[in-house]
Amino acid sequence: MMDKEAEIIQAFTALFYKKSWLEQGIMEAQLSGYKSSEIHCLEAIAKQTDPNVTKIAEALHMTRGAASKLTKKLLKKEVIESYQKADNKKEVYFHVLPEGQAVVTKHDQLHQQFQERDHVVFEEATDEQLTSLLNFIETYSAHIDQAIENQKINH
């Protein structure tokens, strides 16, 4: 019989995949022409001050090389632009253009619709249940963050 730890991890994974499957078709139809990684890259750029490849890579938990490839694709699609500061001609930064901002806005609206769809489940839970679950997720997330940092150091 599976222990609680394994059951919880399996349940989180199954929930993630089910939610992804349910929402993927809607996202693809509404945001055609954009891959999920491109949309998340646009969001990372839009939400940061002076985002560069390093900041984008950190925000998306990917290598700088992968972030660089994504920014090149988005530059080609003309949804972001690059710029440099007068006092630092070495570093390249990115800015979301209006078409890219429209993609980010549509993505946010879709997530809002999904949250509204799922609200009924959260209404049924007590505040104590939600607080306890959130505390657990934050603790587990911090543990995973530490494991990621350890892996970066050891590689």
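Here the structure is a predicted model, which means the values were calculated and not measured. When a residue number appears, it is its place in the shown sequence, counting from 1.
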Those residues that, when tested against [X], pass ring-ring contact (aromatic ring centres under 6.0 Å, His included) (two or more places apart):
{"X": "Y83", "result": "Y93"}
{"X": "H40", "result": "H107"}
{"X": "Y34", "result": "none"}

More than 12 heavy atoms of other residues, nucleotides or ligands under 6.0 Å from [atom1] of [X]: is that the case?
{"X": "K55", "atom1": "NZ", "value": "yes"}
{"X": "E5", "atom1": "CD", "value": "no"}
{"X": "K35", "atom1": "NZ", "value": "no"}

Do you know which two heavy atoms are closest between [X] and [Y], and how far apart they sit?
{"X": "T71", "Y": "C41", "answer": "CG2-SG, 4.2 Å"}
{"X": "Q30", "Y": "K106", "answer": "OE1-CE, 2.8 Å"}
{"X": "V96", "Y": "I80", "answer": "CA-CG2, 4.1 Å"}
{"X": "A46", "Y": "Q101", "answer": "CB-OE1, 4.0 Å"}
{"X": "L70", "Y": "L60", "answer": "CD1-CD1, 4.4 Å"}
{"X": "T63", "Y": "A57", "answer": "O-CB, 3.6 Å"}

Nearest 0.5 angstrom please: [X] [atom1] to [Y] [atom2], how far?
{"X": "T131", "Y": "Q129", "atom1": "OG1", "atom2": "CD", "value": "10.0 Å"}
{"X": "E43", "Y": "T105", "atom1": "CD", "atom2": "OG1", "value": "9.5 Å"}
{"X": "I26", "Y": "L31", "atom1": "CD1", "atom2": "CG", "value": "11.0 Å"}
{"X": "S132", "Y": "I137", "atom1": "OG", "atom2": "CD1", "value": "9.5 Å"}
{"X": "E81", "Y": "L75", "atom1": "CD", "atom2": "CG", "value": "9.0 Å"}
{"X": "I39", "Y": "L74", "atom1": "CD1", "atom2": "CG", "value": "10.0 Å"}

Query raised in the report: Which hydrophobic side chains are connected to L15, either touching it within the sub-4.5 Å cutoff or through other members that do?
Result: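 Reading the cluster by chain and number, L15 sits alone, since nothing else belongs.
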Query raised in the report: Which residues, ordered by chain and number, are linked to F16 in its hydrophobic cluster, where ILVMFWY side chains connect at heavy-atom gaps below 4.5 Å, directly or through other members?
Result: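 Members other than F16 - counting any ILVMFWY side chain reachable under 4.5 Å - are Y17.
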Compute whether any side-chain donor of one residue and acceptor of the other, for [X] and [Y], lie under 3.5 angstrom apart.
{"X": "Q113", "Y": "Q109", "result": "no"}
{"X": "D108", "Y": "Q112", "result": "no"}
{"X": "H119", "Y": "E123", "result": "yes"}

Query raised in the report: Charged N to carboxylate O below 4.0 Å: is that the case for D50 and K85?
Result: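 Between K85 and D50 there is a salt bridge, with a charged N closer than 4.0 Å to a carboxylate O.
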Requested in this report: For E38, enumerate each residue passing the salt bridge (charged side-chain N to carboxylate O under 4.0 Å, His left out) test, keeping only those at least two apart in sequence or located in another chain.
Outcome: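 Here the qualifying residues are K77.
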Report task. Output, in order, the C-alpha distance, side-chain angles, deciding distance and verdict of side-chain hydrogen bond (donor to acceptor under 3.5 Å, both in side chains) for Q84 and N88. Result -> CA-CA 7 Å; Q84 293 176 307; N88 183 355; over 6 Å; no
Is [Y] reachable from [X] through a run of I, L, V, M, F, W or Y residues, each pair having side-chain heavy atoms under 4.5 Å apart?
{"X": "L97", "Y": "V92", "answer": "no"}
{"X": "F12", "Y": "F114", "answer": "no"}
{"X": "L130", "Y": "F136", "answer": "no"}

Query raised in the report: Taking the six-membered ring for Trp, are H143 and Y140 parallel (under 30°), tilted (30 to 60°) or perpendicular (over 60°)?
Result: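 H143 vs Y140 ring planes: parallel.
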Report task. Kindly determine whether E23 and R117 satisfy salt bridge (charged side-chain N to carboxylate O under 4.0 Å, His left out), including the steps that lead there. Result -> CA-CA 11 Å; E23 296 166 2; R117 175 200 66 208; 2.7 Å; yes
**Report entry** Close side-chain approach of S32 to E28, heavy-atom, < 4.5 Å
**Finding:**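 Result no, sub-4.5 Å side-chain heavy-atom pair not found.
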**Report entry** Side chain proximity check, K76 to K73, heavy atoms < 4.5 angstrom
**Finding:**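 A side-chain contact under 4.5 Å is absent here.
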